[in-house]
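Just below is one structure, and these are the notes that go with it.
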Amino acid sequence: MQLRPIILAVAIALIGARAAAQNVRIEVVEASNGKAIVGANVVVVDSTGMTVGAGFSGQGGHIDLPAPTRMPFRVRADKVTYDTWVSVVLRPAGKVILLRIGMTPTRLPTVVGRTETSCQQLSGPGTPAGDMWVELRKALVATALTEAQGLVALDVDLYERALDRNLGIVSERTEQRTKIPRRPAAGISWDQLDSARRGDALAGEVYRAPDAATLLSEQFVKSHCFAAIRGYGPESELTGLEFKPAKVAAQPELTGVIWLDPKAKALRYLNFDYVNLPIPLRIARTSGRVDFEQLPGGQWIVPRWYIRMPRTARVTSASVGSPSVSRDSLVGFQEVGGSARPAGTAAPVVVANSPAPNPNEPNPAPITPAPAPGQSAVLVGVVYDSTTGMPLKGVVVSTGVGRFKTRTSDGGRYELVIDGALSDKVIFDHPRLRLFRIPERVQTVSVAPGSRGQAMVIVPSYATLRNRLCGPNETGTDAQGMAVGYVKDADGNPVRNAHVWATWQIQWIEQNGRLVSTNQQRTVETDTGPDGSYMMCGFTKGAQITAKVGLAGKGTVQEKVALPPSMVLEHDFKLEAANRQ
């Protein structure tokens, strides 16, 4: 599904001009307690179905809209996680009509984890996916309305990057636009991705991050199936609507998840991918993300977005006595994206050395802090541990010289306030971050005075850590198993230079695709570092391990442990007689 401009005639009708139109003065509140609702999408529709006026309830829940002077009309109000409210038929009164709308919170549907069979085409409310779509559609319509009518002037920073195979930036082009009515629809063309095919019929193909109007279009809804799913990992408190192509086709199509935050009553972001791409582009995964944000006035904007696609080249190789062979090779990635903000507001901060999003790891929920008062710079973020599926609390976050310091909360979040500007290394210190040698423990961050920045750390999954730290096993079929931990003395102090070794028996080995009985004994060993930590690789699946720790001139501690199914054993040792270091 190549994305082209789509006219959303149903969701965003042009507001008809009315001579001598009267006004409806509306207040939107919660029906149970009278609390004002900000950001409800309120529409006035005449008896022919024509939209006469539309907008968002502002502070105090108030909004004034035009109404027809000669024909009956209704007023409708929508907001995520609230039941849609529709008035009785109203008639022109020749004066301002006062209307109080009482909205009732809705119950979100019961959702399930990801499965291969739960994806179904939308058939209206009454199913988990249908009910979820009703809620998400409210925010998407509001976003499309804001963009189509240019309700918020934007300052936009655009970028286009060529990345290497490890996502390092090879080249970059940036552009700033100010006070524009809508976000530019930038994309990646086919000839940017495969130079060997420049000038052919596909050269005009352009792949874009989808906008709200695309997701709302009848073409998109009919060509996809949907499933309401629970969030997982850092998205554990979110609820998602997963979508996939309804059938296998020859044309590129979108797949992904739209994420809703039930507690904040807000649409959060869209993670997406392209499938059914031309064969050369299937050499690596496409990825992308579109964030959504509701402004204090109720309008919705897209504050950040990107799409990343593989770049390929035709490589010819030949061996002596053999004909030349041409094949497609991954040379890197092309990425297009940007950020947008209401015109005149502070530009986003620059975070150097921040890790590029990893399409194989979950993304934490976005943080959209308000501007900080005064001349302080504020850095916020989250630390998340994928090995446990939980936020990491107690992480010490400090500037390079340690003058400013804070800790992450039970939810893994932190806020670091700095006097003046921040242009320094920010250090994230925690035993687990050191143990797994997480490179993002140290990041270079710049935040202007009076602004807020963001930096986060994600501990990857066990599988990723095994691949990164140990590499493949001897048969190349899986990553090696590993054991990590700390050696401490009786008082809990780290013991450096302690010798750690482990032995285990292998009953079977694979030879020529068959299991062969054996009785090998394997041994791995290492010494603890300055912080008392150790790491050993090379373990095989299901290993029953005899582990020992010794220190020169002292006794030896021996323990029996087993390698868990994750093939990562986390185990600490205590040396009662060890000297303090």
Side-chain angles (χ1 to χ4, degrees), residues 231-238 259 261 263-264 266 268-269 291 304 348-358 361-373 376-447 451-462 464-465 468 484-486 488 492 494 531-533 568 570 572:
Y232 51 91
E235 291 151 344
S236 58
E237 296 185 357
L238 303 182
W259 292 106
D261 186 341
K263 291 184 179 179
R268 283 304 190 198
Y269 52 92
D291 289 6
R304 290 168 297 277
V349 300
V350 177
V351 180
N353 298 339
S354 182
N358 183 347
E361 298 294 341
N363 291 315
I367 301 169
T368 54
S376 295
V378 181
L379 186 70
V380 298
V382 63
V383 182
Y384 184 82
D385 189 348
S386 300
T387 66
T388 62
M390 299 286 291
L392 191 57
K393 66 178 181 179
V395 179
V396 177
V397 185
S398 64
T399 54
V401 296
R403 180 182 174 191
F404 303 100
K405 185 179 298 186
T406 188
R407 289 179 181 268
T408 58
S409 66
D410 289 348
R413 298 188 181 273
Y414 71 89
E415 180 176 287
L416 183 65
V417 181
I418 298 96
D419 293 340
L422 169 62
S423 183
D424 198 354
K425 285 185 178 1
V426 174
I427 300 170
F428 298 82
D429 188 53
H430 189 277
R432 293 189 68 76
L433 301 182
R434 297 195 304 270
L435 187 65
F436 289 117
R437 304 176 187 179
I438 305 303
E440 293 78 35
R441 286 188 300 119
V442 180
Q443 301 182 32
T444 301
V445 181
S446 297
V447 183
S451 299
R452 292 171 78 97
Q454 177 178 320
M456 60 188 66
V457 178
I458 299 177
V459 179
S461 65
Y462 279 141
T464 300
L465 289 169
R468 177 189 296 177
V484 294
Y486 287 91
K488 300 178 181 180
D531 62 348
S533 66
V568 177
E570 295 189 49
D572 294 343

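Everything numeric here is computed off the predicted structure, so don't read it as measured data. Heavy-atom basis, side chains included; hydrogens, waters and symmetry copies ignored. For this chain, numbers begin at 1 and follow the sequence in order.
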From Lys425 atom NZ to Ser398 atom OG, the distance as rounded to the nearest 0.5 Å
12.5 Å
Note: Thr408 and Leu392 closest approach over all heavy atoms is OG1-O, 2.9 Å
Correct closest heavy-atom pair for Val396 and Arg407 would be CG2-NH1, 3.4 Å
Only one of Thr464, Thr388, Thr387 passes side-chain contact (heavy atoms from CB on, under 4.5 Å) with Val459, and that residue is Thr387
Passes side chain to side chain contact (heavy atoms under 4.5 Å, CB included), Arg452 versus Leu379? Steps please.
CA-CA 6 Å; Arg452 292 171 78 97; Leu379 186 70; over 6 Å; no
Kindly indicate whether the side chain of Asp419, heavy atoms from C-beta on, has any atom under 4.5 Å from the side chain of Phe404.
yes
Is there a side-chain contact between Pro460 and Arg468, using heavy atoms and a 4.5 Å cut-off?
yes
Check whether any side-chain heavy atom of Val397 sits under 4.5 Å from a side-chain heavy atom of Val426, and report yes or no.
yes
Between Ile418 and Thr399, is there a side-chain heavy-atom distance shorter than 4.5 Å?
yes
Nearest-0.5 Å distance, CG of residue Asp385 to CE of residue Met390:
10.0 Å
Leu433 side chain near Val457 side chain, heavy-atom distance below 4.5 Å:
yes
Given 3.5 Å as the limit, does a donor-acceptor pair link the side chain of Gln443 with the main chain of Met456, or not?
yes
Looking at every heavy atom in both Ile458 and Ile438, which two are closest together, and how far apart are they?
O-CG2, 4.3 Å
Are the side chain of Ser423 and the backbone of Ser446 linked by a donor-acceptor contact shorter than 3.5 Å?
no
Can you see which heavy atom on Tyr462 is nearest to which on Arg432, and at what distance?
OH-NH2, 4.2 Å
Parallel, tilted or perpendicular: which one describes the rings of Phe428 and Tyr414, with boundaries at 30° and 60°?
perpendicular
Take Asp531 and Arg434 through the salt bridge (Lys or Arg N to Asp or Glu O under 4.0 Å) test and state the conclusion after the steps.
CA-CA 9 Å; Asp531 62 348; Arg434 297 195 304 270; 3.5 Å; yes
So Glu570 and Tyr486, side chain to side chain donor-acceptor pair (under 3.5 Å) or not? Walk me through it.
CA-CA 9 Å; Glu570 295 189 49; Tyr486 287 91; over 6 Å; no
Heavy-atom closest contact (Ser533 atom, Leu435 atom, distance):
CB-CD1, 4.1 Å
How about Leu238 and Tyr269: do any of their side-chain heavy atoms sit closer than 4.5 Å?
yes
Which heavy atom in Val417 sits nearest to a heavy atom in Ser376, and how many Å separate them?
CG1-CB, 3.9 Å
Ser461 side chain vs Ser386 backbone, donor-acceptor pair below 3.5 Å:
no
